[in-house]
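One structure is given below, encoded as structure tokens.
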Amino acid sequence: MGLRLAQRANGVSTLHGAVSREMFRGLWPGFDIPEVPITSVTNGVHAPTWVAPEVLALGDDIAAAPAADLWELRRVLRERLVREVRERLYASWRQRGAGTTELGWIEGVLDPDVLTIGFARRVPAYKRLTLMLRDRERLAELLLHPRRPVQIVVAGKAHPADDGGKRLVQELVRFADDPRVRHRIVFLPDYGMAMARKLLPGCDVWLNNPLRPLEACGTSGMKAALNGGLNLSVRDGWWDEWYEPDFGWAVPTADGTAAGEQDRRDDLEAAALYGLVEERIAPLFYERGADGVPARWTEMVRRTLTGLGPKVQADRMVREYVDRLYAPPPAPTGCSPWTPARPATWPPGRPGCARPGAVSRSTTPRWARGWARTRDRTPARWSWGRRWPCGCASPSVCSGRRTWRCRPSRAGSTRTTRSPIPRPSR
């Protein structure tokens, strides 16, 4: 019903748009898959909500900031995350019934100088929360490495009716409770926005390992990138189109694995994940110069902030929606940019609707006439409204007073050359 009634449809990433065209091709029989009228606009995130104040304080100086300053910024954010994790972990264990004398070990949980990997999101099965646990001994070796240790912060929440998601959380919690590794991996319950605003900026690497191509977009990695976090992700959702070696790492996927061999696919992709962390990510993080700064790592942070940061913001998303989906095509000389191509006067001898906001009824398909999304007299404001007989959003747009003088006659009307979006078959 949504696709049949909507004037436009889009996915929330390029890959999601391609998958959607394949899924819903049956609604447009006779159309090739690339011609199915479902486009895509990649999601974005609200930067003022998710950018840490310390990052905002750099302003436009990020491109020229010394590597030492960027490294100190990352350490400050990591240290704040460690404090937050310890407080929440203490409260969580107290809620589980542990006494104060049993929780002295929490003061040694995490280290502000250790490579920190974050994973936080809701917990459906396809996001594979426990992929990192496929080889627990190898994971423990990464966490406890004598020279290049790794620490992992995990947070998430399963839907109350999702028993599978709850089991995944329980499995991870049991591993994180092991006294051998509990100072290097933690699970934080009750994940929400307040926790995310502390967790996302403090992680050096943001992990995302969904089952490709089931992730529509996935925006948590965008929020990490706004704070200089590098992404370690399967090429799904937004990462599939914006991945570059300067911004992080792509986890290889076993897309050709048969549907009944899910365990084998998970084993292959988990092994690739361990290999990336052990052979490329950790050595790069701990490769320090004479000043104690990892030059190549901080350069990746700089390029993420300056190159990827502008792409993932909601401002870009809104502009793309307006420009690609809602703005009419450019009008020829003599017409308003918000009106279809036609003479400056309409009909001859009468004033035309040549002001922004005036859109002829003929610009929408016949089945959609009467209701359409239009601009009113304030360019930055959108409104839903029934068009007046003249085709404008309101009579004041045409003549400044409540009159329909610019209403075109049927005999003199012409159709715009803009072709309507094909409707799905019934």
*Counting N and O atoms only, with roles assigned by atom type, does the side chain of Ser233 sit under 3.5 Å from a partner on the main chain of Asn208, one being a donor and the other an acceptor?*
yes

Is a donor on one side and an acceptor on the other found under 3.5 Å between the side chain of Arg235 and the backbone of Arg212? no

Inset, instruction - For residues Trp28 and Ile38, determine if any side-chain heavy atom of one lies less than 4.5 Å from a side-chain heavy atom of the other. - result: yes

Worksheet item: Taking the side chain from Asn231 and the backbone from Gly248, do they hold a donor-acceptor pair closer than 3.5 Å?
Response: no

When Asp177, Asp178, Val150, Ile152 are each screened for side chain to side chain contact (heavy atoms under 4.5 Å, CB included) with Ile185, the one that passes is Ile152

Arg316 side-chain N/O to Asn43 backbone N/O, donor-acceptor pair under 3.5 Å: yes

- prompt: So, do Met317 and Thr42 sit near enough that their side-chain heavy atoms are less than 4.5 Å apart?
  reply: no

| query | Do Arg134 and Asp263 have side-chain heavy atoms sitting under 4.5 Å apart? | reply | yes

| message | Checking the side chain of Arg78 only, and the main-chain atoms of Asp204 only, is there a donor and an acceptor separated by less than 3.5 Å? | response | no

Contacts under 3.5 angstrom, residues 112-129 side chains, donor-acceptor by atom type, not counting sequence neighbours:
residue	atom	partner	partner atom	Å
Asp113	OD1	Arg75	NE	2.7
Asp113	OD1	Arg75	NH2	3.2
Asp113	OD2	Arg75	NH2	3.2
Thr116	OG1	Val114	O	3.0
Thr116	OG1	Gln151	NE2	2.8
Arg121	NH1	Leu207	O	3.1
Arg121	NH2	Leu207	O	3.3
Arg121	NH2	Ser220	OG	2.9
Arg122	NH2	Tyr126	OH	3.4
Tyr126	OH	Glu215	OE2	3.4
Lys127	NZ	Glu215	OE1	3.0
Lys127	NZ	Glu215	OE2	3.0
Arg128	NE	Asn209	O	3.0
Arg128	NH1	Asp266	OD1	2.8
Arg128	NH1	Glu269	OE1	3.1
Arg128	NH2	Asn209	O	3.4
Arg128	NH2	Pro210	O	2.9
Arg128	NH2	Glu269	OE1	2.4

Requested in this report: Could you tell me whether the side chain of Trp249 reaches within less than 4.5 Å of the side chain of Val277, counting heavy atoms only?
Outcome: no

| said: Would Arg74 and Trp71 count as a cation-pi pair here, with the cationic atom under 6.0 angstrom from the ring centre and within 45° of the axis? | reply: no

When every non-hydrogen atom of Val109 is compared with those of Val82, the smallest separation belongs to O-CG1, 3.9 Å

| request: State, yes or no, whether a side-chain contact exists between Val186 and Val154 at a heavy-atom distance under 4.5 Å. | output: no

Note to self: Any side-chain to backbone donor/acceptor pair from Asp32 onto Glu35? Under 3.5 Å, distance only.
What the structure shows: no

Parallel, tilted or perpendicular: which one describes the rings of Trp297 and Phe285, with boundaries at 30° and 60°? perpendicular

Can a donor-acceptor pair be found, under 3.5 Å and without considering hydrogens, that links the side chain of Arg88 to the backbone of Ser92? no

Looking only at heavy atoms, the pair that brings Pro310 and Leu305 closest together is CD-O, 3.8 Å

